Number of protein chains: 2
Amino acid sequence: MTAIKETSTIQENKKIAAELCPVTFTMDKIGGYWKPIIIYHLSTDCKRYSELKKCIPAITEKMLIQSLKQLEADGLILREARPVVPPFVIYRLSPAGVGLFPVIQAMANWALENQ
Amino acid sequence: MTAIKETSTIQENKKIAAELCPVTFTMDKIGGYWKPIIIYHLSTDCKRYSELKKCIPAITEKMLIQSLKQLEADGLILREARPVVPPFVIYRLSPAGVGLFPVIQAMANWALENQ
DNA sequence: GGAAGTACTTACCCTATAGTAAGTGTACTG
DNA sequence: CAGTACACTTACTATAGGGTAAGTACTTCC
């Protein structure tokens, strides 16, 4: 998952920027190609890992997991696993994740006007 | 300015994603650390290059120019240069740039609620 | 005449993000 | 008993984005 080196200028800047600038803070959470797409697919209803994979065929397993872990760590989605075999894992949006809807909406609107 | 290699999977994906997904399209335009900050500083009034530099002390000249060029290429800001010595260049938001305001607003709101 | 201001440009390095590909363990199914 | 499904994990590679540092051409000010 490519560990983050903590003593890097870029990480320092990110932290400072995220603290000072609410927009950067939000960008940090939902930036990247896949995160908004995943959020979108979880918006209608909760989904299993394998369902997400089917919904987003272009994503690789690595990126899917990586994005899910980050979203979970940032508190935007909730992971619920049942300790059975075969594994059963469900992902759903947290309240904070649901709160992103106006943001996504605003972005989509702007894109449709300016595309 | 780090040239973009056109024959890369990542660029292909970006293009496809931006076409299919309005959110990714928007993200592409205003993603990165500095772009939202620059847009914010241009929101109140138009500014000269040197004024922007003063307003955003942490940014390097390279990143400032780079971001400005990209924003200009994407039609979000307008550059007006007067051919005098010393050079006189003014940047202002384009109508499309102004249209980003609801987006920025939504992101800021979410951040303030969830920070 | 050296410094400072103007708006850039150039060269090089480092790292996070993304992509490719293969492996893990358990259990059900044909 | 080989194959498939499930949810991951691991190792490697490539590249775009960001950072550091220095240089450019011209003119005004002290």
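Residue numbering restarts at 1 for every chain, and letters A, B, ... go by the order of the sequence lines. Quick caveat: nothing in here was measured; it's all calculated off a predicted structure.
- Put simply, the side chain of B/Y91 does not reach to within 4.5 Å of the side chain of B/E80, judged on heavy atoms.
- Straight-line distance from the CD1 atom of B/I65 to the C1' atom of C/dT6: 11 Å, rounded to whole Å.
- Taking atom NZ of B/K62 as the reference point, atom C1' of D/dG19 lies 6 Å away to the nearest angstrom.
- Residue A/K69 places its side chain closer to D/dT9 than to any other of C/dG5, C/dA18, D/dT9.
- No more than 12 heavy atoms of other residues, nucleotides or ligands shown are found within 6.0 angstrom of OH on B/Y40.
- The distance between atom CH2 of A/W34 and atom C1' of C/dG19, rounded to the nearest whole Å, is 10 Å.
- Rounded to whole Å, the distance from CE on B/M63 to C1' on C/dC13 is 14 Å.
- Between the side chain of B/S94 and the backbone N or O of B/G75 there is at least one donor-acceptor pair closer than 3.5 Å.
- At whole-Å resolution of the value, CG in B/L68 and C1' in C/dT9 are 14 Å apart.
- The listed nucleotides are C/dT6, D/dA7, C/dA7; the one nearest the side chain of A/Y49 is D/dA7.
- To the nearest angstrom, P of C/dT20 lies 14 Å from CD of A/Q66.
- Distances shorter than 4.0 Å separate some side-chain N or O of B/R48 from OP1 or OP2 on C/dA7.
- Residues A/P86 and A/G32 both approach DNA chain C. Their nearest nucleotides, taken by heavy-atom distance, put A/G32 toward the 5′ side.
- For the pair A/E51 CD and D/dA5 P, the interatomic distance rounds to 15 Å; values are reported in whole Å.
- For the pair A/K47 NZ and D/dC6 P, the computed distance is 15 Å after rounding to whole Å.
- Taking 4.0 angstrom as the limit, A/T60 places none of its side-chain polar atoms (N or O) nearer than this to OP1 or OP2 of C/dT20.
- Nearest-nucleotide assignment on DNA chain C puts the 5′-proximal partner with B/P87, out of A/I59 and B/P87.
- For B/K47 and B/Y49, the positive end is not near the middle of the six-membered ring at less than 6.0 Å and at most 45° from its axis.
- Checked by atom type and distance alone, the side chain of A/W110 pairs as donor or acceptor with a backbone atom of B/A96 at under 3.5 Å.
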